[in-house]
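This is a predicted model, so every value here is computed, not measured.
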Amino acid sequence: MADAENNHHEEAKAESMMDKIKDKIMDHDDHSSSSSDSDHDDKPKPSSSSIKSKISRLFGREKPVHKVLGGGKPADIFLWRNKKISAGVLGGATAVWVLFELLEYHLLTLVCHGLILALAILFLWSNASTFINKTPPRIPEIYIHEEPVIKFASGMRVEINRTFAVLRDIASGRDLKKFLSVIAGLWAFSIVGSWCNFLTLFYIAFVLLHTVPVFYEKYEDQVDAFVQKALIEIKKQYAVFDAKVLSRIPRGPLKDKKA
């Protein structure tokens, strides 16, 4: 009996020791897991701004869309900052297009008819005011200031000279990629020009200016990500085309001299 009691006592001690060891192991695991969770929580999470910064903007854009469009009132109109003004401008352009394109009204006829109507109203109003004892209409003095005309002409001169410089650089044979891009663009414009006249083309561009920028400003992250993937694929295809075709075309003399 004494031996049995001793054996039972020793088994109870062993079980208590095992329980203590298990408790220590579990406490250590809980502590390590909580510390790892706290370390994981302490790590800074990537913010939305950092994720956005990884997306390369369209055409290497660093400024907001409003600044790219020049800022000021024109950019406000294109981005629909004031919906009434933007809708009025777009509606006026639509009315002009319908008047000249669908109704086949001519510009010179419209100007002459408008001047006839305005002069007739002002003339009758000025003469009728003496009979109805009312003050005649005050016709404002209209003239064009010299400063805005000079600024506009200077800006146009700079842009035209820049265009000539770009065309000269392309024609010199220094950049084959730019040459092919310009040729493809002009060819696309020639096809579009054969489909419609200049007024319709101008109206389409005007409508696009009132729709594409505001759409891009609203979904710029998705558009930039899609364009980035598309550009990567285009670069791959261009590398294959360059290796198989363009690299075998002899370069111009200016390219050899530069090399």
Side-chain angles (χ1 to χ4, degrees), residues 58-59 64-129 132 134-164 167 182 184-220 223:
L58 192 62
F59 303 117
V65 181
H66 190 271
K67 293 292 183 181
V68 173
L69 293 175
K73 292 183 178 180
D76 292 339
I77 293 174
F78 293 143
L79 295 176
W80 294 75
R81 294 289 192 265
N82 192 330
K83 295 183 179 180
K84 292 182 178 179
I85 297 177
S86 300
V89 172
L90 186 59
T94 304
V96 171
W97 179 76
V98 170
L99 190 65
F100 289 109
E101 185 65 22
L102 298 183
L103 301 180
E104 296 182 353
Y105 212 73
H106 299 286
L107 178 61
L108 182 59
T109 306
L110 178 64
V111 172
C112 292
H113 287 177
L115 289 175
I116 290 171
L117 182 62
L119 290 175
I121 292 174
L122 292 175
F123 181 81
L124 293 175
W125 189 2
S126 300
N127 288 278
S129 61
I132 59 178
K134 287 187 176 181
T135 57
R138 183 177 179 274
I139 302 174
E141 184 179 357
I142 301 174
Y143 59 92
I144 299 175
H145 294 280
E146 182 180 3
E147 184 178 356
V149 176
I150 293 176
K151 287 183 178 180
F152 178 77
S154 178
M156 288 296 295
R157 181 185 62 84
V158 172
E159 294 299 328
I160 291 173
N161 289 334
R162 186 180 300 173
T163 304
F164 286 155
L167 293 176
V182 172
L186 292 175
W187 180 69
F189 275 119
S190 66
I191 294 177
V192 174
S194 64
W195 293 343
C196 55
N197 56 17
F198 180 75
L199 180 61
T200 303
L201 186 62
F202 181 79
Y203 175 70
I204 292 173
F206 194 79
V207 172
L208 289 177
L209 279 175
H210 278 78
T211 53
V212 174
V214 65
F215 175 81
Y216 174 70
E217 187 183 37
K218 188 176 182 180
Y219 303 102
E220 59 178 345
V223 173

Applying side-chain contact (heavy atoms from CB on, under 4.5 Å), can you list everything that pairs with [X], at least two apart in sequence or on another chain?
X      : result
Phe215 : Tyr219, Val223
Lys218 : none
Ser126 : Pro137
Val89  : Ile77, Ile85, Phe206, His210

What is the distance from atom [atom1] of [X] to atom [atom2] of [Y], rounded to the nearest 0.5 Å?
X      : Y      : atom1 : atom2 : result
Leu167 : Arg162 : CG    : CZ    : 13.0 Å
Leu107 : Leu199 : CG    : CG    : 9.5 Å
Leu124 : Leu119 : CG    : CG    : 10.5 Å
Thr109 : Leu99  : OG1   : CG    : 10.5 Å
Arg157 : Phe152 : CZ    : CZ    : 13.5 Å
Leu209 : Phe78  : CG    : CZ    : 4.5 Å

Side chain to side chain contact (heavy atoms under 4.5 Å, CB included), paired with Trp97, selected from Ile204, Thr200, Val207: Thr200
Stepwise side-chain contact (heavy atoms from CB on, under 4.5 Å) test for Leu201 and Asn197: CA-CA 6 Å; Leu201 186 62; Asn197 56 17; over 6 Å; no
List the residues meeting ring-ring contact (aromatic ring centres under 6.0 Å, His included) with [X], not counting sequence neighbours, and say none if there are none.
X      : answer
Phe100 : none
Trp80  : none
His106 : none
Tyr143 : His145

Residues two or more places apart in sequence or in another chain: which of them pass side-chain hydrogen bond (donor to acceptor under 3.5 Å, both in side chains) with [X]?
X      : answer
Asn82  : none
Glu147 : Lys151
Thr211 : none

Over 12 foreign heavy atoms within 6.0 Å of CD1, Ile144: no
Phe202 atom CZ, neighbour heavy-atom count above 12 within 6.0 Å: no
Heavy-atom closest contact (Thr94 atom, Tyr203 atom, distance): OG1-OH, 2.8 Å
Shortest non-hydrogen contact from Val65 toward Pro213: CG1-O, 4.3 Å
Residue pairs fulfilling salt bridge (charged side-chain N to carboxylate O under 4.0 Å, His left out) with at least one residue in residues 76-104, sequence neighbours excluded: Arg81-Glu217
Polar side-chain atom of Ser154 near backbone of Ile150 as donor-acceptor pair, under 3.5 Å: no
